[in-house]
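In what follows, a single structure is set out as structure tokens and then discussed.
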Amino acid sequence: MNNPFTVKTPESLKPKEVADLFVDVYNDFSPIQDISHTFIHGARGTGKSMMLRFMEPLVQVEAKTVEKISELEFYAVHVPIKLSNLNFPEAERLKGSAFNAMAEHMLLMHVCSRIFSSLLELNVLDKEELTKLFEVFVQQLQYAGGEAEYEKGESLPSICDKEFSKVIQYVKRLSFSTDHINYQGPLCGYIDFLIPIIKTIRQFNKTPNGPLFLMLDDADNLSVGMQSILNSWVSCRTTENLCLKISTQMRYRTWRTTSKQLIEAPHDYSEVDINTIYTSNVDNYRKRIEEIITKRLSLANIDSTPEQFFPLNQKQESALVKIRKEIKEKWEKGERKGHRSSDDVTRYATPEYMRRLGGKSKSSSTYSYAGFKSLVNLSSGIVRWYLEPAARMYNEAKIDNRDLDCISPGIQDKIIQSWSEQFLLSDFEKLKVDETTDTDNEASSKVKMLYTLICSLGGLFRDRLMDDSLSEQRVISIMVKPDIPDDLNLVIKLGIEWSYFHLSTIGAKEGLGRNKQLILNRRLAPYFRLDPTGYAAYVQVTEHDLRLACTDTAAFLRSRSQAKSDDKQLPLMSE
Amino acid sequence: MHNIKIEHILKHVPNAIDLFICCASFEDRFLSIPKKLAELNIKDTLAFQVKEYKEYSDDNLEEFKKILPKHLINEVSLSDPIVTADSLVASIGKIQFKKTCVIDISTFPREILLILLQYIDTFKSKFGDIIIVYTDALSMSKWLSSGVKEVRPIIGYAGDFVPSKELHLSIILGFEVERARAVINALEPSIISIGYGSENESINDELATRNKNFMEELESFCDSPRVFNMNLFDINQGKKDIENHLREFRNYNNVILPLNTKISTIAIGMLANENKSLQLCYTEMLEYNTADYSEPSDECRVIPLEY
């Protein structure tokens, strides 16, 4: 039996596979299906590509949302943007309008190849319509300086691929040349070339009813120059015929067009941030993961719910039940910190259990993160981060058991611990060796500062968990006041890019503006032995604290242990 | 190709060398072969220096200047391949050479080495015999580089992409699993192939464990990564090995990421120069272990380049 949790590249999935695996999330992200240009931001693994692929006509038919393609309200074409396709260092030799013209043409040929491949796959055009499309395309290409004749039998995707290839051959000739090299081929533009073709496609009888949704997936893989070109497209009012649905992995570098104008939301485009939506609405995310896992188990003919398939550690759960009861009884006797007994139970049960593990028995490393809900928390709003460790757990469990109806807590813990360690150590392991190497330059390196910061925060949050005198012990975020210093912004930015942190904002208590909240990725909870369920509270730190956290973990932790009484908290959020 | 002692290298290279090319480095094996070749009659010497790591290679470069006083130093860049390409044109283009060129590839970063190879292929009429020399490392540090800054195609090796084809990524895996992971995440290929050294090539326990863990990780997010063997120390055989493996993937856009020996990197570059549809890619790193990268061996390899 195939592993039901294997993460496959969405573009390699067949339409039926996409339809079978997909869980409807569009209520969470409604602008995606609106008639508008839309940017969709989300870390790798949040499900952007699956969302885009699900909108494709053949997938919609497989999913039975419509019977016929012509009933669709839009015609979605998925265009994955890979670093390898459109980003050539040689192209940097071209400047200004020369670069813009060549880059736009290259992007258009890439896009058209996908549009025409999609049309042929749909197989809804009759011979007359195909001929008309061919004539319009060739005519537009000739207006743009293309060849005098193209063979009538040649397929449209093939012509686009050839024109794309001509540009690459030209770009390659720039490798060692500082002299000007003439380009002989066509140069197509968005408005004068692509829009007439889209209008022609829309006129056909059996193509989808509404505008074409051009779904450019991972547009941050484009060079800055090409992103400007894409922004110029966004600034055009073409949504009646063509809407751009652009996904990014939070690394899009410019919002300016080729003429340096800014594109802005909501005037030019709508925007969706998947990370923020899923990290701020935990219940919704948990529900989505439950739906995804339920579907995958069903497709694999495994008759278990997600909670049954990923059971929690019963011994630990029994101990927690006992502790919850103790806390409730204490609250009723007047030993209370929260307004309600349930507040105290939620806040203190797991920390108390962790403290008892770390006490006489010295078994703090045996805290179990097993269980469906725990794994959802650890995945930090990223679907892939549930599926990848689940796939490894499945492989491990399968070794001993052919008829698998659940994955034991022991295997869950083994894999999740390794997965958490790997997230940090595989990138930073070498710096452990570095700690014994005394060179000035090491201290200043961004990578080392990031590693030190992560260890400092992990240590801080662990210390708080072990301190029963604190009113809020389950903390995984900090707020820096007054603000993150400029020189440390680069370290924080790297940490966000590499997904070690998530940046959010909190309204300032003084009523002016918002402060930045840096949230540690819950995937690191097993490594630092933290409770991943804490969401509400944060620790306030100064700029000095942050700088210390980036350079000296031990000193930072000593400093913080003096300052615990200054820590603030937010009201408890419901879970 | 067998190892020879560096002290015997003079028996294996011509007595008179028109052009000697090398790349300055924080690694001490940058100096190993030049110290011996200095006994020969070298008409022109060209040393490249990576500008981003200038301060770490300056000491070795000063030593080099004393060993080979008649030299030209030119800057290349790990961050800007155009700077590297222009530097090759400006420096090698100036030198009049006819017969024999020796290139010490020991401490060239892979991208710069491949750009040099591309330059040779583009201007092959300017070159006569080319001999590659390479100092083995006695040991390599546990970490070599850290933090992937950028993934990009290598200048001159753009390949011949067909938008309608799927992507096949071949990684010739070495120590640096982080780089492999970054390229897989960046390119999201439909199929991944992992190339390892041939069975008779030594592999240490640590590397074996790292690679095993990486394969397990790969299997959690891609169906059946392919595995193949490649000779890492024989250019011709290495070229054949990877060419044979790629036969199955003719209908894919093929990208190769070389992460193992410099010799295997040259084999891949030679193949890509013959088969222009192949793209080669590179990962620019944030940091290198400049303090403790490697320890030089007293052995080297001498390989005529057939092009």
Side-chain angles (χ1 to χ4, degrees), chain A residues 3 5-9 11-12 44 49 80 82-85 87-90 92-93 109-111 113-114 117 157-158 160-161 164-165 168-169 171-172 175-178 218 221 384 387-389 391-392 395 422 426-431 433-434 437 439 441-442 445-448 450 494 498, chain B residues 55-56 80-82 85-86 88-89 115 118-119 122-123 141-147 151-167 169 177-178 181 183 185-191 210 213 216-217 219-223 253 255 276 279 281 286-287 289-292:
Chain A
N3 189 323
F5 307 110
T6 301
V7 177
K8 297 182 187 182
T9 311
E11 65 194 79
S12 68
R44 189 174 169 270
S49 300
K82 307 273 189 199
L83 270 174
S84 47
N85 290 21
N87 251 328
F88 303 109
E90 299 91 323
E92 299 301 316
R93 289 200 187 277
M109 288 303 105
H110 182 69
V111 157
S113 176
R114 299 293 296 203
S117 296
S158 172
C160 294
D161 290 349
F164 184 83
S165 180
I168 296 185
Q169 300 316 311
V171 162
K172 280 189 203 175
S175 299
F176 296 106
S177 175
T178 49
D218 289 338
N221 284 332
R384 189 182 281 242
L387 293 174
E388 276 182 8
R392 288 197 226 177
N395 283 340
Q422 181 213 322
S426 64
D427 285 351
F428 291 115
E429 187 173 355
K430 45 287 231 186
L431 291 171
V433 174
D434 245 7
T437 306
T439 69
N441 295 304
E442 297 297 346
S445 88
K446 270 195 300 182
V447 175
K448 182 158 171 88
L450 174 59
L494 193 65
W498 290 358
Chain B
E55 64 186 287
Y56 304 107
D80 190 342
I82 299 281
D86 287 347
L88 294 180
V89 170
I115 296 175
Q118 178 65 218
Y119 178 87
T122 305
F123 299 102
S141 174
K142 274 186 179 179
W143 78 277
L144 303 177
S145 59
S146 170
V151 175
R152 59 178 176 248
I154 298 178
I155 199 169
Y157 299 93
D160 196 5
F161 260 76
V162 178
S164 50
K165 285 185 182 175
E166 289 180 62
L167 177 59
L169 172 66
V177 163
E178 182 192 359
R181 194 182 293 122
V183 171
N185 288 344
L187 300 189
E188 293 197 319
S190 301
I191 300 187
R210 261 195 239 185
N213 290 343
E216 280 174 9
E217 183 191 330
E219 279 160 9
S220 72
F221 65 82
C222 85
D223 272 336
N253 289 314
V255 177
K276 299 287 186 189
Q279 184 182 98
C281 72
L286 278 170
E287 291 180 83
N289 184 354
T290 57
D292 185 30

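Each chain gets a letter, A, B and so on, in the order its sequence line appears, and its residues count up from 1. Both backbone and side-chain heavy atoms feed into the values below; hydrogens, waters and symmetry mates do not.
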*Give, as side chain, backbone, both or neither, the part of B/Thr122 having an atom under 4.5 angstrom from any heavy atom of chain A.*
side chain

_Is B/Val89 in contact with chain A via its backbone, its side chain, both, or neither, using a 4.5 Å heavy-atom distance?_
side chain

*Closest contact, heavy atoms only, B/Gly147 versus A/Trp498*: CA-CH2, 3.3 Å

*First locate atom CD1 of B/Ile155, then atom NZ of A/Lys172, and finally report the distance between them rounded to the nearest 0.5 Å.*
12.5 Å

*asked:* Please classify the contact between B/Glu188 and chain A as side chain, backbone, both or neither, with a heavy-atom cut-off of under 4.5 Å.
replied: both

_Between A/Ser175 and chain B, with a heavy-atom cut-off of 4.5 Å, which part of the residue counts as in contact: side chain, backbone, both or neither?_
both

*Could you look at A/Thr178 and say if it's the side chain, the backbone, both or neither that has a heavy atom under 4.5 Å from chain B?*
side chain

_Strictly distance-based, threshold 3.5 Å: is any side-chain N or O of A/Lys446 a donor or acceptor partner for the main-chain N or O of B/Leu286?_
no

*What option among A/Ser113, A/Ser84, A/Ser165, A/Pro89 has the most heavy-atom pairs under 4.5 Å with chain B?*
A/Ser84

*What residue in B/Asp80, B/Val183, B/Asp86 has the most heavy-atom pairs under 4.5 Å with chain A?*
B/Asp86

*asked:* Please report the interatomic distance CG(A/Asn85) to NZ(B/Lys165), rounded to the nearest 0.5 Å.
replied: 12.5 Å

_Is B/Leu167 close to chain A through its backbone or its side chain, or both, or neither, when contacts mean heavy atoms under 4.5 Å?_
side chain

_Heavy-atom proximity to chain A below 4.5 Å, by part of B/Pro153_ = both

*Under a 4.5 Å heavy-atom cut-off, does chain A meet the side chain of B/Ile191, its backbone, both or neither?*
neither

*Excluding sequence neighbours, so at least two apart, what forms ring pair (Phe, Tyr, Trp, His ring centres under 6.0 Å) with B/Tyr119?*
A/Phe176, B/Phe123

*Heavy-atom distances under 4.5 Å only: say whether A/Ser117 touches chain B with side chain, backbone, both or neither.*
side chain

*Looking at A/Glu92, A/Arg93, A/Glu11, which one has more heavy-atom pairs under 4.5 Å with chain B than the rest?*
A/Arg93

*asked:* Which one wins on heavy-atom pair count under 4.5 Å against chain A: B/Cys281, B/Gly159, B/Ala186?
replied: B/Gly159

*Once you round to the nearest 0.5 Å, how far does NZ of A/Lys82 lie from CD of B/Gln279?*
12.0 Å

_Closest non-hydrogen atom pair, A/Arg114 against B/Pro163_ = NH1-O, 3.7 Å

*Considering only heavy atoms, which portion of A/Leu83 lies under 4.5 Å from any heavy atom of chain B: side chain, backbone, both, or neither?*
both

